[in-house]
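Here the structure comes first, spelled out in structure tokens, and everything after it is commentary.
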2 protein chains.
Amino acid sequence: MQIGELARTTATKVETIRFYEKIGLLPEPGRTSGNYRDYGAAHLARLSFIRRARDLGFTLDQVRELLTLSDDSSRSCSAVDTVARAHLAQIDQKIADLRALRRELDELIGQCSQGAISDCRIIEALGPSAQNGH
Amino acid sequence: MQIGELARTTATKVETIRFYEKIGLLPEPGRTSGNYRDYGAAHLARLSFIRRARDLGFTLDQVRELLTLSDDSSRSCSAVDTVARAHLAQIDQKIADLRALRRELDELIGQCSQGAISDCRIIEALGPSAQNGH
DNA sequence: CTTGACCCTGTAGTTGCTATAGGGTGCATA
DNA sequence: TATGCACCCTATAGCAACTACAGGGTCAAG
């Protein structure tokens, strides 16, 4: 399987696959006589794993850790659980931060009366004299 | 006012201030005889604006746009409103994405029975044969 | 034998900073 | 006067996680 097909199968860009190889996340595949990368089922499985974990918001470092853990099949699952739980906590934090931010921005927008800039509450609230209530 | 004081006043790192100047977000201040940057009230106001907007999650490009709009005080406020509303929509999208992701990850973690890796549902779910239900 | 789709390497760009190296300035103290 | 220290200067490289070139090579079809 050459890189383009692997890319299509996993919905990954060709450049991203080469990037994963360069940073050691995806093992170097064999090469054809014409120096084309030649991927097999193991590569497909590993790349799928990477993409799925990335879709779930794991960082590349976390993915690397998960891959290492999953390669050592004798190890307990609890380490994997720990990584996943840490990630979940990060997500919760991000959601909370975004909600606080959303509330503030929404308030600002609610005050906009579509007048001239000089009366704009948004601009005003962003200014240095905005000591009110945050 | 030299850069360090401006940094402390606005809770910004010195390097960040120089960075904002380099990308044209903050105008170049005058210099002292010793070539130190010398800031006035206008710089403080502008940097405060930038920081506040950044805290609200606006990108630097959006901040640039807001600054341009606020500089032209004759213009209608509605352009500002548009930028802010677009940003709010982006935040809502991000929150929705994170919640979907959180739900999925939470489900995965709930299935972990702390056994061996070979039985780990998290690892399994990340694999390529995970066609079930996403 | 040429066209076109694909592949290769290497490098630079993206966003929003942060950190380092290698210096100069300004003021107080020994 | 020297020297120490906090502060300032420029320029460059690094971070995540890719993405986008530039400038080539390969391979099958027409």
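Just so we're on the same page: letters track the sequence lines, and every chain starts at 1.
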(Q) Can you measure Glu21(B) atom CD to dG16(C) atom C1' for me and round it to whole angstrom units? (A) 17 Å
Q: For Ile23(A), report the nucleic acid contact type (base, sugar-phosphate, nothing); a contact means any heavy atom under 4.0 Å.
A: nothing
Q. Is the shortest side-chain N to carboxylate O distance from Arg85(B) to Asp81(B) below 4.0 Å?
A. yes
Q) What about Tyr36(B) and Leu26(B), same hydrophobic cluster or not, with Ile/Leu/Val/Met/Phe/Trp/Tyr joined at side-chain heavy-atom distances under 4.5 Å? A) no
Q | Side-chain donor-acceptor contact under 3.5 Å, Arg51(A) with Tyr20(A) | A | yes
Q.
If you assign Val14(A) and Gly34(B) each to the DNA chain C nucleotide with the nearest heavy atom, which residue ends up on the more 5' nucleotide?
A. Val14(A)
(Q) Quick check on dT10(D): is either OP1 or OP2 less than 4.0 Å from any side-chain nitrogen or oxygen of Arg31(B)? (A) yes
Q: Take the protein atom CG of Asn35(A) and the nucleotide atom C1' of dT9(C), then report the distance between them rounded to whole Å.
A: 9 Å
Q) Can you tell which of dT9(C), dG26(C), dC6(C) lies closest to the side chain of Tyr36(A)? A) dC6(C)
Q: Please work out if Thr59(B) contacts a base, only the sugar-phosphate, or nothing of the nucleic acid, heavy-atom cut-off 4.0 Å.
A: sugar-phosphate
Q. Does the Glu104(A) side chain pair with the main chain of Leu101(A), one donor and one acceptor, at a distance under 3.5 Å?
A. no
Q) Atom CD1 of Ile3(B) and atom P of dG26(C): how far apart are they, to the nearest Å? A) 16 Å
Q | Whole-Å distance separating the CD atom of Glu28(B) from the P atom of dC9(D) | A | 12 Å
**Q.** Gap between atoms CG and C1', on Leu6(A) and dC7(C) respectively (whole Å)
**A.** 14 Å
Q. Under 3.5 Å, side chain of Thr12(A) to main-chain N/O of Thr10(A), donor-acceptor pair present?
A. yes
(Q) Output the rounded distance in Å from OH (Tyr39(A)) to C1' (dC8(C)). (A) 11 Å
Q. Can you check whether Arg37(A) has a side-chain N or O nearer than 4.0 Å to OP1 or OP2 of dC8(C)?
A. yes
Q. Over how many whole Å does the gap from Gln2(A) atom CD to dC8(C) atom P extend?
A. 8 Å
(Q) Taking side-chain contact (heavy atoms from CB on, under 4.5 Å) as the criterion, tell me which of Lys22(A), His43(A), Arg37(A), Glu21(A) meets it with Glu28(A). (A) Glu21(A)
Q: Would you please name every residue forming a side-chain hydrogen bond (donor to acceptor under 3.5 Å, both in side chains) with Arg31(B), sequence neighbours left out?
A: Asn35(B)
Q) Atom CD1 of Ile17(A) and atom C1' of dC8(C): how far apart are they, to the nearest Å? A) 14 Å
List, with names and distances, any nitrogen or oxygen atoms from the protein found under 3.5 Å away from nitrogen or oxygen atoms belonging to nucleotides 18-21 of chain D.
residue : atom : partner  : partner atom : Å
dC18(D) : OP2  : Tyr20(A) : OH           : 2.9
dC18(D) : OP2  : Arg54(A) : NE           : 2.7
dC18(D) : OP2  : Arg54(A) : NH2          : 3.4
dT19(D) : OP2  : Thr16(A) : OG1          : 3.0

